[in-house]
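As structure tokens, the structure follows; a few thoughts come after it.
All of these numbers come straight from a predicted model, not from anything done at the bench. Just so it is clear: chains get the letters A, B, ... in the order the sequence lines come, proteins before strands, and each one is counted from 1.
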Amino acid sequence: MPVARPETSDSRVIAHVDMDCFYVQVEQRKQPDLRGLPTAVVQYNAWKGGALIAVSYEARKYGVKRSMRGAESKEVCPQIQLVQVPVARGKADLSTYRNAGSEVVSILSRKGRCERASIDEVYLDLTDAAETMLAEAPPEILEVIDEEVLKSHVLGLNSEDGNDAKESVRKWLCRNDADRRDKLLACGAFIIAELRLQVLKETEFTCSAGIAHNKILAKLASGMNKPAQQTVVPFSSVKGLLDSLPIKKMKQLGGKLGDSLQSDLGVNTVGDLLQFSEEKLQERYGINTGTWLWNIARGISGDEVEGRLLPKSHGSGKTFPGPQALKTFASVQHWLHELCQELSERLQLDLDQNKRIAHTLVLHATAYKVSDSDSHKKFPSKSCPLRYGTAKIQEDALSLFQAALREYLGSYTAKIQGSQNNHWGITSLSVSASKIVPIPSGTASITKYFHGHLSCSSTKQSQNNLVEEGNESYSEVNVTKPQIEFPGEETMIKYAETSSDQLEDKIDLLNDQNPCCSSKNQARDEFTQETVPVSTSGSEHCSGMNQSQLMKNYSGEEPCVKLSMPSLNRQEQKRKAVKDKGTCSILRFFKNQDPSCAPQKLELVENIEDVKAPPLSPGIQSRSNNCLDHNRSELSKERPEDAGDSNACGSFQMNKEGEEHGVTILMKLTPQSLTSYHQKFNKKCVPGSGLKSGITR
DNA sequence: ACGGATATGACT
DNA sequence: TAGTCATAT
């Protein structure tokens, strides 16, 4: 829940950084010839040329859109370059993009608390850094100002022609009598410009950013001027911005809630929301959402930047549309094996690189069923404790699938056998691992953290370890955990917690086959028999572990979850802010590709060999809950009208883009009438609210 | 026959 | 807790 910051609401400096058509950039870095050409990344291509999942800005000019088919894109842009997403184990493999995202995070996390929001987006809390800069090297004393900073877009700033633009931005940035909040944002703009340049130098990727007093505004701003630009939202421009902003452009309001607002309350812009009292909104949408909406209408949000550089879960899935639906148990088993293999590999990598362990395995699937009264019932999700080791994961996932299938089919017992079956089909499958926590530091039994087995792992190299921030303490995470050793298997882990480096981390676990404790359900599959007790065994699972090695490569990260821990990146770095690179700008970077800036490429792709489907073995159990569905959604209205791309925002969007190697030449900002904005900072937030409520005293 | 593969967070 | 939904890209 949002923690109230004392004092003056939002004088925080928050930034949202968004990579520009990221997958395309990753492919263009790999194949420089593609730079500057209309390009798109497609996954699979057998059917209509594949689906586009990223489109370069050059291609967008031709009307190419995400979610077009490759063939379609060729129609509007015949020269478009289509690059396929790597495929491994018969499915799309996004690891190269994940790794590239990590490279970026490791750079962006240098100046303040950083939250990895997705594979290509992060939020930064630059408050401390901005304050330090303001105190030690405020903009007004700088003589040289980075080009990139001058190219910032400042909402509400009146600047007519292009020449004038930079000059007025410069004035705004360096104004001596500015509101303190504006000065902080100005510092944020400097810091972000520098970070973006750093990202460019080290990774060759461009990104766009928004700098504002809270996350939601920063996010909104980052999408306003793309690619390769940054936008600042001064406090005084907030009202002007929101008043005319289409409600659905606001994060979280792009779906059903936004539809409901429009159709049920006639709210079309965020400004329209102002007419409703908090009570009114709460009565219709619930306490938390109501308060959240009331705050959002005023540009208020107390949502904090989390301080998390790593993902909270890992998943691997695939869809099997229509004709490809899986209709035999064997095919399901085959795909589950592939998916689990990928998942296991990623988990092992996470363990090796970040010293984290996932505790829960979840299986999701979607299925259809013909002629059955409740043929609309959804295929239930199932989960169980996660045991490390590819084979174990495969086995457990299969068991979960069986349990779910039985439940899905209900009394409808089919005793079909081998091949086909006319009753059901699986149209998507996915396995994921969640509840990932850092391994305890110290020698205490780590064993316990492995619910079982560590497979022998071929610890892959680790190249990019983000989070190198050398923070050494994992500590607090489990101070509370009592340790209980598993009799019989002593595992010693030497792995110093403090001397953060040379640990030979190595977990020597006993080898073993040791069957685990999970009670097994004997049911093989619904083809061969129908009753299967799904026992819910207690939970501890035994273990036996094969051996595994933990690599060095530290990664530090705050313990996830909310163990209030002082943010790590927080230390002050005396902002030498701008200085050194006086005039380096992103534009220039591309103009004169300075070879010296070339980053070291990392080897990111790897192939995996196939695996033969091992004999299946039932294992796990799951708490089979009988899920009754009583889905009541307060917002039932459905209004599938899609707002294509995400760029653009109401009256504030105003730039033209002219490309040149992925860089845009910006245009002017349109003047915006800004009325002073009086807000009432006296609404409290409801802790734990669904949509995090705003706070600010 | 779909936008696919992921991911996060809230609610019950 | 587990499982479902909503949202986003």
Whole-Å distance, A:K251 NZ to C:dT7 C1', equals 8 Å
Result for 5'-nearest mapping on DNA chain B, choosing between A:K91 and A:L52, is A:L52
query: How far does the P atom of B:dA1 sit from the matching atom of C:dT9, given to the nearest Å?
result: 25 Å
Using a heavy-atom cut-off of under 4.0 Å over every strand shown, decide if A:S381 touches base, sugar-phosphate, or nothing.
sugar-phosphate
With heavy atoms under 4.0 Å as the rule, sort A:K435 into base, sugar-phosphate or nothing. sugar-phosphate
Ranking B:dA7, C:dC5, B:dG3 by distance to the side chain of A:K378, first place goes to C:dC5
note: A:K377, atom NZ; C:dT4, atom P; distance rounded to Å ~ 10 Å
Of the listed C:dT9, B:dA1, C:dC5, the closest approach to the A:Q324 side chain comes from B:dA1
Can you find a side chain N or O atom of A:R89 that sits less than 4.0 Å from OP1 or OP2 on B:dA5? no
Ranking B:dT8, B:dT6, B:dA1 by distance to the side chain of A:S313, first place goes to B:dT8
**Prompt:** Under a 4.0 Å N-O cut-off, is there an ion pair linking A:K392 with A:E395?
**Reply:** no
Among C:dA8, B:dA5, B:dA7, the one nearest any side-chain atom of A:R116 is B:dA7
*asked:* Ring of A:Y44, cation from A:K318 - is the NZ or CZ under 6.0 Å from the centre and inside 45° of the axis?
replied: yes
Notebook entry, point to check: Are any of A:K312's side-chain N or O atoms less than 4.0 Å away from OP1 or OP2 of B:dA7?
Noted result: no
Look at A:K91 together with A:E342 and state whether they make a salt bridge at an N to O cut-off of under 4.0 Å. yes
Of the candidates B:dG3, B:dA7, B:dA5, the side chain of A:T319 sits closest to B:dA5
Do the side-chain N or O atoms of A:K256 get closer than 4.0 angstrom to the phosphate oxygens (OP1, OP2) of C:dA6? yes
Side-chain atoms of A:R308 come closest, of C:dT4, C:dA6, B:dT8, to B:dT8
From CE of A:M68 across to P of B:dA1 the rounded distance in Å is 22 Å
Checking side-chain polar atoms at under 3.5 Å, does A:E27 have a donor or acceptor matched by the opposite partner on A:Y97?
yes
Check: A:T203 main-chain N/O paired with A:R29 side-chain donor or acceptor under 3.5 Å
yes
From CG of A:L310 across to P of B:dT8 the rounded distance in Å is 10 Å
Quick one: label A:F22 by what it contacts on the DNA or RNA (base, sugar-phosphate, nothing), any heavy atom closer than 4.0 Å.
nothing
Atom NZ of A:K249 and atom P of C:dT9 are separated, to the nearest Å, by 11 Å
Carefully, step by step, assess A:W335 and A:F320 under the rule ring-ring contact (aromatic ring centres under 6.0 Å, His included). CA-CA 10 Å; A:W335 284 109; A:F320 306 94; 5.3 Å; yes
Looking only at B:dT6, B:dA5, C:dG3, the nucleotide nearest the A:E342 side chain is B:dT6
Assign each of A:W47 and A:Y44 the nucleotide of DNA chain B bearing its closest heavy atom; nearer the 5' end lies the nucleotide of A:W47
ask   = Taking only N and O in the side chain of A:R69, is any of them less than 4.0 Å away from OP1 or OP2 of B:dG3?
value = no
Considering every strand and a 4.0 Å limit on heavy-atom distances, what is the contact class for A:S316: base, sugar-phosphate, or nothing? sugar-phosphate
Sorted by chain and number, sequence neighbours left out, side-chain hydrogen bond (donor to acceptor under 3.5 Å, both in side chains) with A:T427 holds for A:T366
A:L361 atom CG is separated from C:dA2 atom P, nearest whole Å, by 11 Å
- [ ] Remember a base hit wins even if backbone is also touched, and classify A:I119 as base, sugar-phosphate or nothing at under 4.0 Å, heavy atoms.
- [x] nothing
- Examine C:dT9: is either OP1 or OP2 under 4.0 Å from a nitrogen or oxygen in the side chain of A:K219? Give yes or no. yes
From CG of A:L94 across to C1' of B:dA7 the rounded distance in Å is 12 Å
From the candidates B:dT8, B:dA1, B:dG3, the one with an atom nearest any side-chain atom of A:P323 is B:dA1
Separation of C:dT4 atom C1' from A:L363 atom CG, nearest Å, is 15 Å
Side-chain atoms of A:S383 come closest, of C:dG3, B:dC11, B:dA5, to C:dG3
